[in-house]
Amino acid sequence: MSAQTQNTRKRVAILISGRGSNMVSLIEAARASDYPAEIVLVLSNRPDAAGLDRAREAGIPARAIDHKAYPDRAGFDAALQRELEAAGIELIVLAGFMRILTDAFVESWAGRMINIHPSLLPLFKGTHTHERALEAGVRLHGCTVHYVVPELDAGPIVAQAAVPVLPGDDADTLAARVIVQEHRLYPAALALIAGGGAVLDGGRVRLAEAARDASAALLSL
Ligand code: GRF
């Protein structure tokens, strides 16, 4: 890797609460020398998150900031902010992070924080998305990478991948089909953002000319 490539890679922190399978897919993608982001820190609000050990095994510094040790959300967010600043973080990637952040924290990271949600937003915001997709009888389901704004699961959409809902599916089989696409979509979406191929423009995400072909590859059936 040239010194220049190294210097321009965006410094990314991944925030998790659980098993961290999306985190692993991001860490693996970022191993490529031409990937425009480097994963320099993993933080979890839950000390027992299995993803912390998976990050350490991959050689990434990983720390728990137990939200229960703080009297309120603002106190927890301030502790988070200190860790992020100390590590010189430029982009935050939420990957199964199950803690609501304060509006002030979210606004201070506006345009620099993304999340993955297991539905085709704006459908099925919130939890239990696979059960609700089955109940609604949709034929297509999927996942969305979006910028984080104070309203839950409502920020500008960066990328989406679709999967079919098949006869006989239950929430587990559908979730298993979606997570395969999450692992593909999230590294591609982070590369688009970190590499300047996707930019926020008036509350929507605009894809740079050079990234338009790549975006077509994000939709899959
Ligand atoms: C994923 O389905 C993600 O879309 C949702 O939480 C789950 C996290 O899974 N936000 P993992 O921890 O990345 O395995």
Side-chain angles (χ1 to χ4, degrees), residues 12-31 37 39 41-58 60 62-67 80 91-101 105-106 109 113-135 138 140-165 169-193 218-220:
V12 169
I14 304 178
L15 271 50
I16 62 168
S17 300
R19 66 187 169 178
S21 72
N22 276 291
M23 173 203 75
V24 169
S25 73
L26 290 159
I27 290 172
E28 281 172 3
R31 285 210 176 102
I39 314 302
L41 180 64
V42 169
L43 297 172
S44 169
N45 65 308
R46 296 187 52 131
D48 61 349
L52 284 170
D53 280 338
R54 298 177 83 179
R56 289 178 192 128
E57 281 158 21
I60 311 289
R63 275 191 283 288
I65 304 177
D66 188 349
H67 65 266
L80 204 55
L91 279 172
I92 300 177
V93 171
L94 306 183
F97 183 69
M98 300 304 285
R99 181 93 190 143
I100 291 175
L101 297 160
F105 181 92
V106 171
W109 284 91
M113 178 159 59
I114 57 175
N115 180 46
I116 190 158
H117 182 75
S119 79
L120 292 173
L121 289 172
L123 288 174
F124 312 126
K125 295 174 180 174
T127 56
H128 303 294
T129 57
H130 309 304
E131 286 88 343
R132 288 157 59 210
L134 288 168
E135 271 164 28
V138 294
L140 284 176
H141 185 45
C143 50
T144 302
V145 175
H146 63 93
Y147 280 99
V148 178
V149 297
E151 190 186 337
L152 206 63
D153 302 326
I157 290 170
V158 180
Q160 293 184 301
V163 301
V165 180
D169 265 342
D170 59 25
D172 290 340
T173 59
L174 191 51
R177 196 172 305 122
V178 171
I179 198 91
V180 170
Q181 295 307 319
E182 292 189 40
H183 295 164
R184 184 172 153 263
L185 187 72
Y186 218 178
L190 176 59
L192 270 180
I193 289 168
L218 299 177
L219 243 192
S220 79

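Because only heavy atoms are used, hydrogens play no part in the values below, and waters and symmetry mates are left out as well, while side chains stay in. Keep in mind it's a predicted model, so treat the numbers as computed, not measured. Each residue takes its place number in the sequence, starting with 1. In each ligand, atom 1 is the first atom listed, and ligand 1 is the first ligand listed.
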Inset, instruction - Working to the nearest 0.5 Å, report the span between CD of Gln160 and OG1 of Thr144. - result: 3.5 Å

Legend entry - Gap separating the NE2 atom of His117 from the CG atom of Leu152, nearest 0.5 angstrom: 8.0 Å

Legend entry - Non-hydrogen side-chain atoms of Leu15 and Ile92 separated by less than 4.5 Å: yes

Legend entry - Identified side-chain contact (heavy atoms from CB on, under 4.5 Å) counterpart of Val93 within the set Leu190, Asn22, Ile193: Leu190

Legend entry - Steps toward side chain to side chain donor-acceptor pair (under 3.5 Å) verdict (His141, His130): CA-CA 8 Å; His141 185 45; His130 309 304; 2.9 Å; yes

Legend entry - Minimum-distance pair of heavy atoms, taken over all atoms of Ala64 and Leu52: CB-CD1, 3.9 Å

Between the protein and ligand 1, are there any N or O atom pairs that come within less than 3.5 Å of each other, and if so, what are their names and distances?
{"unit_1": "ligand 1", "atom_1": "2 (O)", "unit_2": "Glu182", "atom_2": "OE1", "d": "3.3"}
{"unit_1": "ligand 1", "atom_1": "2 (O)", "unit_2": "Glu182", "atom_2": "OE2", "d": "3.0"}
{"unit_1": "ligand 1", "atom_1": "4 (O)", "unit_2": "Glu182", "atom_2": "OE1", "d": "2.7"}
{"unit_1": "ligand 1", "atom_1": "4 (O)", "unit_2": "Glu182", "atom_2": "OE2", "d": "3.3"}
{"unit_1": "ligand 1", "atom_1": "9 (O)", "unit_2": "Arg19", "atom_2": "NH2", "d": "3.4"}
{"unit_1": "ligand 1", "atom_1": "10 (N)", "unit_2": "Ile116", "atom_2": "O", "d": "3.1"}
{"unit_1": "ligand 1", "atom_1": "12 (O)", "unit_2": "Gly20", "atom_2": "N", "d": "2.9"}
{"unit_1": "ligand 1", "atom_1": "13 (O)", "unit_2": "Ser21", "atom_2": "N", "d": "3.3"}
{"unit_1": "ligand 1", "atom_1": "13 (O)", "unit_2": "Asn22", "atom_2": "N", "d": "2.8"}
{"unit_1": "ligand 1", "atom_1": "13 (O)", "unit_2": "Asn22", "atom_2": "ND2", "d": "3.0"}
{"unit_1": "ligand 1", "atom_1": "14 (O)", "unit_2": "Arg19", "atom_2": "NE", "d": "2.4"}
{"unit_1": "ligand 1", "atom_1": "14 (O)", "unit_2": "Arg19", "atom_2": "NH2", "d": "3.4"}
{"unit_1": "ligand 1", "atom_1": "14 (O)", "unit_2": "Ser21", "atom_2": "N", "d": "2.8"}
{"unit_1": "ligand 1", "atom_1": "14 (O)", "unit_2": "Ser21", "atom_2": "OG", "d": "2.5"}

